[in-house]
Amino acid sequence: MKTAVLPHLQVFLDVARLRSFSAAARELGVSTAAVSHSVRQLEAQLGVVLLTRTTRSVALTDAGRRLVEGAGPGLGQAFEALKTVSAQPGEVVGRLRLSVPGIALPLVINPVLPTFRERYPRVEVEVVVEGRLVDIVAEGYDAGVRLSEAIERDMVQVRLTHAFRFVVVGAPSYLKRHGTPERPEELLRHECFNFRMEKSGAFYAWEFERGRKNWRVPVRGSVVVNNNEAMLFLAEQGMGLAYAFEPAVEEPLRAGRLVRVLEAYAPTVPGFFLYYPSRAQRSGPLRLFVETARELAGKKA
(Lines give C-alpha, C1' and ligand atoms only; values in the text may rest on other atoms or scores of the structure.)
Protein backbone atom coordinates (compact mmCIF):
# COMPACT_ATOMS: atom_id res chain seq x y z
CA MET A 1 0.00 0.00 0.00
CA LYS A 2 1.42 3.33 -1.05
CA THR A 3 2.15 5.99 1.55
CA ALA A 4 -0.07 8.37 -0.49
CA VAL A 5 -3.03 7.00 1.48
CA LEU A 6 -1.68 8.34 4.78
CA PRO A 7 -3.07 11.90 4.43
CA HIS A 8 -6.46 10.44 3.51
CA LEU A 9 -6.23 8.03 6.45
CA GLN A 10 -5.65 10.91 8.86
CA VAL A 11 -8.68 12.76 7.49
CA PHE A 12 -10.82 9.62 7.83
CA LEU A 13 -9.70 9.12 11.45
CA ASP A 14 -10.62 12.72 12.27
CA VAL A 15 -14.10 12.26 10.75
CA ALA A 16 -14.53 8.97 12.65
CA ARG A 17 -13.46 10.57 15.92
CA LEU A 18 -15.73 13.61 15.53
CA ARG A 19 -18.56 11.75 13.72
CA SER A 20 -18.86 14.78 11.47
CA PHE A 21 -17.44 15.86 8.13
CA SER A 22 -17.98 19.55 8.86
CA ALA A 23 -16.39 19.34 12.33
CA ALA A 24 -13.36 17.54 10.87
CA ALA A 25 -13.12 20.20 8.16
CA ARG A 26 -13.10 22.99 10.76
CA GLU A 27 -10.39 21.22 12.80
CA LEU A 28 -8.25 20.61 9.73
CA GLY A 29 -8.81 24.09 8.32
CA VAL A 30 -10.17 22.86 4.97
CA SER A 31 -13.56 22.73 3.28
CA THR A 32 -16.14 20.04 3.97
CA ALA A 33 -15.97 19.10 0.29
CA ALA A 34 -12.21 18.49 0.60
CA VAL A 35 -12.79 16.20 3.60
CA SER A 36 -15.49 14.28 1.75
CA HIS A 37 -13.21 13.92 -1.30
CA SER A 38 -10.33 12.63 0.83
CA VAL A 39 -12.50 9.96 2.47
CA ARG A 40 -13.85 8.86 -0.93
CA GLN A 41 -10.28 8.58 -2.23
CA LEU A 42 -9.33 6.32 0.69
CA GLU A 43 -12.44 4.15 0.19
CA ALA A 44 -11.64 3.86 -3.53
CA GLN A 45 -8.06 2.78 -2.87
CA LEU A 46 -9.10 0.23 -0.22
CA GLY A 47 -12.13 -0.99 -2.18
CA VAL A 48 -14.44 -0.82 0.85
CA VAL A 49 -16.99 1.58 2.37
CA LEU A 50 -15.72 3.05 5.63
CA LEU A 51 -18.51 5.45 6.59
CA THR A 52 -22.27 5.58 6.16
CA ARG A 53 -23.54 9.11 5.76
CA THR A 54 -26.94 10.70 6.16
CA THR A 55 -27.89 14.35 6.33
CA ARG A 56 -27.98 14.06 10.12
CA SER A 57 -25.25 11.60 11.10
CA VAL A 58 -22.07 9.75 10.20
CA ALA A 59 -21.46 6.15 11.30
CA LEU A 60 -18.66 3.64 10.86
CA THR A 61 -19.14 0.51 8.81
CA ASP A 62 -17.60 -2.71 10.07
CA ALA A 63 -14.59 -2.11 7.83
CA GLY A 64 -14.34 1.46 9.09
CA ARG A 65 -14.47 0.33 12.72
CA ARG A 66 -11.70 -2.23 12.13
CA LEU A 67 -9.56 0.38 10.41
CA VAL A 68 -9.97 2.80 13.31
CA GLU A 69 -9.10 0.10 15.84
CA GLY A 70 -6.07 -1.07 13.87
CA ALA A 71 -4.64 2.13 12.45
CA GLY A 72 -5.77 4.78 14.91
CA PRO A 73 -3.36 4.10 17.80
CA GLY A 74 -0.35 3.57 15.54
CA LEU A 75 -0.97 6.68 13.47
CA GLY A 76 -1.60 8.70 16.62
CA GLN A 77 1.75 7.58 18.03
CA ALA A 78 3.45 8.42 14.74
CA PHE A 79 2.07 11.96 14.74
CA GLU A 80 3.02 12.43 18.40
CA ALA A 81 6.53 11.26 17.57
CA LEU A 82 6.67 13.82 14.77
CA LYS A 83 5.62 16.52 17.20
CA THR A 84 8.37 15.60 19.67
CA VAL A 85 11.09 15.94 17.04
CA SER A 86 9.62 18.98 15.30
CA ALA A 87 11.03 22.35 16.23
CA GLN A 88 9.00 25.48 16.65
CA PRO A 89 10.35 28.63 14.96
CA GLY A 90 13.61 29.54 16.70
CA GLU A 91 13.65 26.27 18.69
CA VAL A 92 16.36 23.59 18.48
CA VAL A 93 15.47 19.92 18.83
CA GLY A 94 17.83 16.96 18.69
CA ARG A 95 20.40 14.85 20.46
CA LEU A 96 24.07 15.40 21.24
CA ARG A 97 26.45 12.57 22.22
CA LEU A 98 29.89 13.52 23.53
CA SER A 99 32.99 11.51 24.48
CA VAL A 100 34.86 13.27 27.28
CA PRO A 101 37.85 12.28 29.46
CA GLY A 102 37.23 12.58 33.19
CA ILE A 103 39.92 15.20 33.70
CA ALA A 104 38.13 17.54 31.27
CA LEU A 105 34.81 17.51 33.13
CA PRO A 106 35.52 20.39 35.55
CA LEU A 107 36.99 22.62 32.83
CA VAL A 108 34.67 21.88 29.91
CA ILE A 109 31.44 20.07 30.76
CA ASN A 110 30.65 21.37 34.25
CA PRO A 111 30.75 25.08 33.31
CA VAL A 112 28.99 24.60 29.97
CA LEU A 113 26.30 21.94 30.22
CA PRO A 114 23.91 23.63 32.74
CA THR A 115 23.73 26.80 30.64
CA PHE A 116 23.40 24.83 27.40
CA ARG A 117 20.49 22.79 28.78
CA GLU A 118 18.80 25.92 30.10
CA ARG A 119 19.04 27.58 26.69
CA TYR A 120 18.10 24.52 24.63
CA PRO A 121 15.87 22.29 26.80
CA ARG A 122 14.73 20.09 23.89
CA VAL A 123 18.24 18.95 23.06
CA GLU A 124 19.07 15.64 24.73
CA VAL A 125 22.71 15.37 25.81
CA GLU A 126 24.63 12.17 26.53
CA VAL A 127 28.10 12.60 28.04
CA VAL A 128 30.19 9.41 28.06
CA VAL A 129 33.20 9.77 30.37
CA GLU A 130 36.14 7.55 29.43
CA GLY A 131 39.90 7.83 29.32
CA ARG A 132 40.57 5.77 26.19
CA LEU A 133 40.99 7.28 22.74
CA VAL A 134 37.68 6.92 20.94
CA ASP A 135 36.85 6.72 17.23
CA ILE A 136 33.92 9.11 17.52
CA VAL A 137 32.64 8.33 14.00
CA ALA A 138 32.68 4.54 14.38
CA GLU A 139 31.15 4.67 17.87
CA GLY A 140 28.36 7.09 17.07
CA TYR A 141 29.47 10.27 18.83
CA ASP A 142 28.73 13.75 17.54
CA ALA A 143 31.95 15.13 19.02
CA GLY A 144 34.68 14.47 21.55
CA VAL A 145 36.90 16.42 23.92
CA ARG A 146 40.64 15.70 24.03
CA LEU A 147 44.07 17.25 24.26
CA SER A 148 45.04 18.46 20.80
CA GLU A 149 47.88 15.95 20.31
CA ALA A 150 45.40 13.06 20.67
CA ILE A 151 43.11 14.32 17.90
CA GLU A 152 43.36 13.06 14.30
CA ARG A 153 44.50 15.71 11.83
CA ASP A 154 41.40 15.41 9.62
CA MET A 155 39.11 16.53 12.46
CA VAL A 156 37.78 20.03 12.99
CA GLN A 157 39.16 21.34 16.30
CA VAL A 158 37.63 24.04 18.49
CA ARG A 159 39.71 25.36 21.40
CA LEU A 160 37.90 25.13 24.73
CA THR A 161 40.62 26.04 27.25
CA HIS A 162 43.89 27.88 27.47
CA ALA A 163 47.18 26.00 27.47
CA PHE A 164 48.15 24.50 30.83
CA ARG A 165 50.94 22.52 32.47
CA PHE A 166 51.20 19.00 33.83
CA VAL A 167 52.80 19.06 37.26
CA VAL A 168 54.00 16.59 39.88
CA VAL A 169 52.44 17.15 43.28
CA GLY A 170 52.76 15.58 46.70
CA ALA A 171 51.56 16.18 50.24
CA PRO A 172 53.94 17.98 52.63
CA SER A 173 53.81 14.90 54.86
CA TYR A 174 55.08 12.66 52.02
CA LEU A 175 57.89 15.05 51.10
CA LYS A 176 58.94 15.33 54.75
CA ARG A 177 59.29 11.54 55.01
CA HIS A 178 60.81 10.79 51.59
CA GLY A 179 62.45 14.02 50.45
CA THR A 180 61.81 16.18 47.38
CA PRO A 181 63.00 14.96 43.95
CA GLU A 182 65.17 17.51 42.14
CA ARG A 183 65.39 15.83 38.73
CA PRO A 184 62.90 13.65 36.79
CA GLU A 185 65.11 10.53 37.12
CA GLU A 186 64.87 10.74 40.90
CA LEU A 187 61.17 9.83 40.65
CA LEU A 188 62.29 6.23 40.15
CA ARG A 189 63.16 6.18 43.87
CA HIS A 190 59.74 7.49 44.91
CA GLU A 191 56.27 6.07 45.39
CA CYS A 192 54.30 7.35 42.38
CA PHE A 193 50.73 6.68 41.34
CA ASN A 194 50.66 4.66 38.14
CA PHE A 195 48.01 5.17 35.49
CA ARG A 196 47.29 2.24 33.17
CA MET A 197 46.55 3.07 29.53
CA GLU A 198 43.19 1.55 28.60
CA LYS A 199 44.09 0.61 25.03
CA SER A 200 47.55 -0.91 25.51
CA GLY A 201 47.41 -1.88 29.19
CA ALA A 202 50.84 -0.32 29.69
CA PHE A 203 51.60 2.19 32.44
CA TYR A 204 51.77 5.82 31.43
CA ALA A 205 55.31 7.26 31.51
CA TRP A 206 55.35 10.72 33.08
CA GLU A 207 56.54 13.35 30.61
CA PHE A 208 58.81 16.32 31.33
CA GLU A 209 60.58 19.04 29.39
CA ARG A 210 63.20 21.68 30.01
CA GLY A 211 64.50 23.77 27.16
CA ARG A 212 64.97 21.40 24.24
CA LYS A 213 65.32 18.28 26.37
CA ASN A 214 62.46 15.88 27.08
CA TRP A 215 62.05 13.01 29.53
CA ARG A 216 59.66 10.09 29.75
CA VAL A 217 59.97 8.50 33.17
CA PRO A 218 58.47 5.01 33.76
CA VAL A 219 57.55 5.72 37.37
CA ARG A 220 56.84 2.95 39.84
CA GLY A 221 54.36 2.64 42.66
CA SER A 222 52.23 0.18 44.59
CA VAL A 223 48.94 1.91 43.72
CA VAL A 224 47.42 1.99 40.22
CA VAL A 225 44.51 4.34 39.51
CA ASN A 226 42.41 5.31 36.49
CA ASN A 227 40.55 8.18 38.12
CA ASN A 228 41.99 11.64 38.62
CA GLU A 229 39.96 12.49 41.73
CA ALA A 230 40.95 9.24 43.45
CA MET A 231 44.62 9.83 42.64
CA LEU A 232 44.58 13.37 44.07
CA PHE A 233 42.77 12.21 47.20
CA LEU A 234 45.42 9.57 47.83
CA ALA A 235 48.17 12.09 47.15
CA GLU A 236 46.70 14.43 49.76
CA GLN A 237 46.84 11.56 52.24
CA GLY A 238 50.62 11.42 51.78
CA MET A 239 50.61 8.07 50.00
CA GLY A 240 52.70 9.13 47.02
CA LEU A 241 53.37 11.60 44.23
CA ALA A 242 50.80 12.35 41.53
CA TYR A 243 51.07 13.66 37.97
CA ALA A 244 48.16 15.98 37.22
CA PHE A 245 47.17 18.83 34.98
CA GLU A 246 47.62 22.05 36.90
CA PRO A 247 44.05 23.45 36.80
CA ALA A 248 42.82 20.31 38.59
CA VAL A 249 45.05 20.94 41.62
CA GLU A 250 44.66 24.69 42.05
CA GLU A 251 42.48 24.40 45.18
CA PRO A 252 44.63 21.85 47.12
CA LEU A 253 47.75 23.82 46.14
CA ARG A 254 46.27 27.06 47.48
CA ALA A 255 45.20 25.30 50.67
CA GLY A 256 48.65 23.77 51.14
CA ARG A 257 47.41 20.18 51.04
CA LEU A 258 49.62 19.56 48.00
CA VAL A 259 52.93 21.04 46.88
CA ARG A 260 54.43 21.20 43.36
CA VAL A 261 57.75 19.44 42.77
CA LEU A 262 59.96 19.40 39.68
CA GLU A 263 58.17 22.58 38.58
CA ALA A 264 61.06 23.61 36.32
CA TYR A 265 60.42 20.46 34.26
CA ALA A 266 56.62 20.81 33.97
CA PRO A 267 55.53 20.37 30.33
CA THR A 268 52.94 22.65 28.76
CA VAL A 269 50.15 21.32 26.52
CA PRO A 270 47.92 23.44 24.24
CA GLY A 271 44.76 22.64 26.20
CA PHE A 272 41.47 20.85 25.59
CA PHE A 273 39.71 20.97 22.24
CA LEU A 274 36.28 19.90 21.06
CA TYR A 275 36.60 17.94 17.82
CA TYR A 276 34.23 16.48 15.23
CA PRO A 277 34.49 15.05 11.69
CA SER A 278 33.74 18.00 9.39
CA ARG A 279 31.92 21.30 9.23
CA ALA A 280 29.50 19.83 6.69
CA GLN A 281 28.32 17.24 9.24
CA ARG A 282 27.88 19.65 12.13
CA SER A 283 24.30 19.41 13.44
CA GLY A 284 22.26 22.24 14.93
CA PRO A 285 22.72 20.99 18.52
CA LEU A 286 26.48 20.57 18.01
CA ARG A 287 26.82 24.04 16.48
CA LEU A 288 25.04 25.58 19.47
CA PHE A 289 27.10 23.54 21.95
CA VAL A 290 30.28 24.79 20.27
CA GLU A 291 29.05 28.38 20.60
CA THR A 292 28.13 27.91 24.26
CA ALA A 293 31.41 26.14 25.05
CA ARG A 294 33.45 28.89 23.39
CA GLU A 295 31.59 31.42 25.50
CA LEU A 296 31.80 29.66 28.86
CA ALA A 297 34.52 26.97 29.02
CA GLY A 298 37.42 29.36 28.62
CA LYS A 299 36.25 31.41 31.60
CA LYS A 300 37.10 28.46 33.85
CA ALA A 301 40.41 27.67 32.16
Side-chain angles (χ1 to χ4, degrees), residues 100-111 129-133 145-150 160-273 298 300-301:
V100 184
I103 60 173
L105 288 176
L107 281 183
V108 177
I109 299 301
N110 295 355
V129 180
E130 50 195 341
R132 67 187 178 93
L133 295 178
V145 174
R146 287 292 180 270
L147 297 173
S148 61
E149 60 264 31
L160 296 178
T161 72
H162 303 305
F164 52 77
R165 301 189 306 173
F166 275 89
V167 294
V168 178
V169 294
S173 59
Y174 174 88
L175 299 175
K176 184 178 180 179
R177 293 195 310 272
H178 300 282
T180 301
E182 301 294 337
R183 294 180 57 81
E185 312 89 90
E186 295 177 20
L187 290 171
L188 296 174
R189 300 195 296 268
H190 283 266
E191 182 75 13
C192 299
F193 296 112
N194 270 315
F195 184 92
R196 192 183 297 278
M197 307 293 286
E198 290 188 28
K199 187 173 183 179
S200 66
F203 291 129
Y204 175 72
W206 293 7
E207 299 179 68
F208 300 94
E209 63 184 27
R210 189 172 188 178
R212 296 185 178 181
K213 189 172 181 181
N214 298 287
W215 291 260
R216 289 177 58 85
V217 181
V219 298
R220 305 184 184 95
S222 56
V223 177
V224 179
V225 295
N226 69 346
N227 178 274
N228 196 59
E229 291 182 357
M231 177 185 66
L232 295 179
F233 172 80
L234 296 174
E236 289 184 26
Q237 307 312 304
M239 294 178 60
L241 299 177
Y243 187 79
F245 74 110
E246 201 164 23
V249 291
E250 285 180 350
E251 193 278 326
L253 287 172
R254 279 197 303 267
R257 299 194 303 273
L258 291 175
V259 177
R260 296 180 188 87
V261 300
L262 296 171
E263 191 169 4
Y265 298 88
T268 298
V269 294
F272 284 114
F273 289 75
K300 299 293 183 181

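No experiment lies behind these values; they were computed from the predicted model shown.
N194 CG to R220 CZ: the interatomic distance, rounded to the nearest 0.5 Å, is 10.0 Å. Distance CZ/R189 to NE2/H178: 13.5 Å, rounded to 0.5 Å. In this structure, L262 CG and R183 CZ are separated by 9.5 Å, a value rounded to the nearest 0.5 Å.
In terms of heavy atoms, P172 sits closest to G256 at CG-O, 3.5 Å. Looking at every heavy atom in both residues, T161 comes nearest to G271 through OG1-CA, 3.5 Å. Nearest heavy atoms, Y265 versus R210: OH-NH1, 3.1 Å. Across every non-hydrogen atom of V100 and R146, the tightest pair is C-NH1, 3.7 Å. Nearest heavy atom pair, residue A248 against residue N228, reads CB-ND2, 3.8 Å. Of all non-hydrogen atoms in A242 and W206, the two that sit nearest each other are C-CH2, 3.8 Å.
Side-chain atoms of F193 and V224, non-hydrogen and from C-beta on, never get closer than 4.5 Å to each other. Contact check for L187 versus F208: side-chain heavy atoms found under the 4.5 Å cut-off. Residues P270 and L147 fail the side-chain proximity criterion, which asks for heavy atoms closer than 4.5 Å. Here the side chains of V169 and L241 are not in contact, with every heavy-atom distance at 4.5 Å or above.
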Show me the donor-acceptor pairs within less than 3.5 Å that the side chains of residues 230-240 make with the rest of the protein, sequence neighbours left out.
residue	atom	partner	partner atom	Å
E236	OE1	R257	NE	2.8
Q237	NE2	F233	O	3.3

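F245 meets the ring pair (Phe, Tyr, Trp, His ring centres under 6.0 Å) test with F164, F272; sequence neighbours excluded. Under the salt bridge (charged side-chain N to carboxylate O under 4.0 Å, His left out) criterion, R212 pairs with no residue at all, not counting sequence neighbours. For E263, the side chain to side chain donor-acceptor pair (under 3.5 Å) partners two or more places apart in sequence, or in a different chain, are R165. Residues passing the ring pair (Phe, Tyr, Trp, His ring centres under 6.0 Å) test with F273, sequence neighbours excluded: none. Every side chain to side chain contact (heavy atoms under 4.5 Å, CB included) that E207 has, sequence neighbours left out, goes to Y204, R216, Y243.
Here the rule is side-chain contact (heavy atoms from CB on, under 4.5 Å) with V129, and of L105, I103, I109 only L105 fits it.
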*Could you go through the side chain to side chain contact (heavy atoms under 4.5 Å, CB included) check for V217 and E185 one step at a time?*
CA-CA 7 Å; V217 181; E185 312 89 90; over 6 Å; no
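Ring geometry, H190 versus Y174: the interplanar angle falls from 30° to 60°, so the pair is classed tilted.
Residue E229 places its CD atom among 12 or fewer non-hydrogen atoms of other residues, nucleotides or ligands, all under 6.0 Å distant.
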